[in-house]
Amino acid sequence: MVAIKTIVCALDFSEVSPKVAAYAKTLAEACGAKVVALYVAPSLTQYVEFHVQASYIDDFVTGIVSGASDPMDSFIKEYFAGVPVEGRVVSGYAAEEIVSVAEEVGADLIVLGTHGRKGIDKILFGSVAEKVIKTAKVPVLSMRPEGKAA
């Protein structure tokens, strides 16, 4: 039997995040697992090429990370009551950071949402969920917002 002891729950605080959290919490309760709730702030390093000073970018990203701490704490209190949970806010490329944190904490499962982008949006923005699924060493449970077609 597969033992699930640690679940990384990747959040973006969008409309799908409560659904993602509900699945992670239910699985954690059923398995006696710990949840690592994770928010990844964008690194914005690509803007250095546009002659934006790196210090401005660093300050902005630092502000995003520190600004996300309170929403993370509130989200955890509302959606993960009763299960062991650790909240983390990091910066970087979302897919890479999700996989990296999963490896770092020895996760047995990653739970995340997808925006269900299609066409040009998918080409331009890519799919974090797709990248995580392709690179993670553990199973990934992904879900899209209600009413979105595959």
Side-chain angles (χ1 to χ4, degrees), residues 1-47 54-118 121-122 125-150:
M1 177 139 202
V2 175
I4 297 175
K5 298 293 180 197
T6 304
I7 300 168
V8 169
C9 180
L11 304 165
D12 62 3
F13 303 125
S14 70
E15 72 276 3
V16 75
S17 289
K19 181 179 177 182
V20 171
Y23 273 87
K25 180 181 178 185
T26 299
L27 289 166
E29 289 170 336
C31 298
K34 171 187 175 178
V35 174
V36 177
L38 176 66
Y39 173 77
V40 182
S43 69
L44 305 178
T45 55
Q46 67 271 25
Y47 292 107
S55 62
Y56 292 146
I57 294 170
D58 290 343
D59 290 346
F60 185 70
V61 170
T62 299
I64 293 172
V65 170
S66 65
S69 294
D70 286 341
M72 176 62 85
D73 292 342
S74 297
F75 192 93
I76 286 172
K77 286 177 186 167
E78 183 172 353
Y79 294 102
F80 291 109
V83 296
V85 62
E86 171 192 346
R88 288 193 183 196
V89 178
V90 300
S91 69
Y93 293 103
E96 292 174 11
E97 292 300 323
I98 293 166
V99 171
S100 175
V101 168
E103 290 176 3
E104 176 189 330
V105 301
D108 304 295
L109 178 69
I110 299 170
V111 180
L112 50 71
T114 180
H115 292 283
R117 291 187 174 108
K118 291 183 179 181
D121 279 351
K122 187 170 181 180
F125 300 111
S127 168
V128 170
E130 185 177 356
K131 290 172 188 166
V132 170
I133 290 166
K134 287 181 177 179
T135 59
K137 295 177 181 170
V138 296
V140 179
L141 172 63
S142 69
M143 59 205 67
R144 63 182 179 273
E146 297 293 329
K148 296 265 184 164

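In what follows, every heavy atom counts, from backbone to side chain, and hydrogens, waters and symmetry copies are set aside. Predicted model, so just to flag it, every value in this text is computed and none were measured.
Smallest separation of non-hydrogen atoms from Y79 and A21: CB-CB, 3.9 Å. The nearest pair of heavy atoms linking A136 to I110 is CB-CD1, 3.8 Å. When all heavy atoms of A28 and I7 are compared, the closest pair comes out as N-CD1, 3.7 Å. Y39 and L11 get closest at one heavy-atom pair: CD1-O, 3.3 Å. Between A95 and V132, the shortest heavy-atom contact is CA-CG2, 3.7 Å. The heavy-atom pair separating T114 from S127 by the smallest distance is OG1-OG, 4.4 Å.
Proximity of a side-chain donor or acceptor of K137 to a complementary backbone N or O of A102 within less than 3.5 Å is not detected. Under the 3.5 Å distance criterion, the side-chain polar atoms of T135 are matched with a main-chain donor or acceptor of K131.
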*asked:* Please determine whether side chain to side chain contact (heavy atoms under 4.5 Å, CB included) holds for the pair V20 and M143, giving the CA-CA distance in whole Å, both sets of side-chain angles, and the decisive distance to 0.1 Å.
replied: CA-CA 7 Å; V20 171; M143 59 205 67; 3.8 Å; yes
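Just one of V90, V101, V128 meets the side chain to side chain contact (heavy atoms under 4.5 Å, CB included) condition when paired with V40; it is V90.
When side chains are defined from C-beta on, I4 does not count as touching L27, because their heavy atoms never get closer than 4.5 Å. Looking at heavy atoms from C-beta onward, V2 lies out of side-chain contact with D108 at the 4.5 angstrom threshold.
Taking K34 as the reference, E86 meet the side-chain hydrogen bond (donor to acceptor under 3.5 Å, both in side chains) condition, with sequence neighbours excluded.
Note that CD1 of I133 and CG of L141 are 9.0 Å apart. Values are rounded to the nearest 0.5 Å. A distance of 8.0 Å separates CD in E97 from CG in L38, rounded to the nearest 0.5 Å. Here SG of C9 is found 4.0 Å from CZ of F80. Values are rounded to the nearest 0.5 Å.
Among residue pairs with one or both ends in residues 3-13, none qualify as salt bridge (charged side-chain N to carboxylate O under 4.0 Å, His left out); sequence neighbours excluded.
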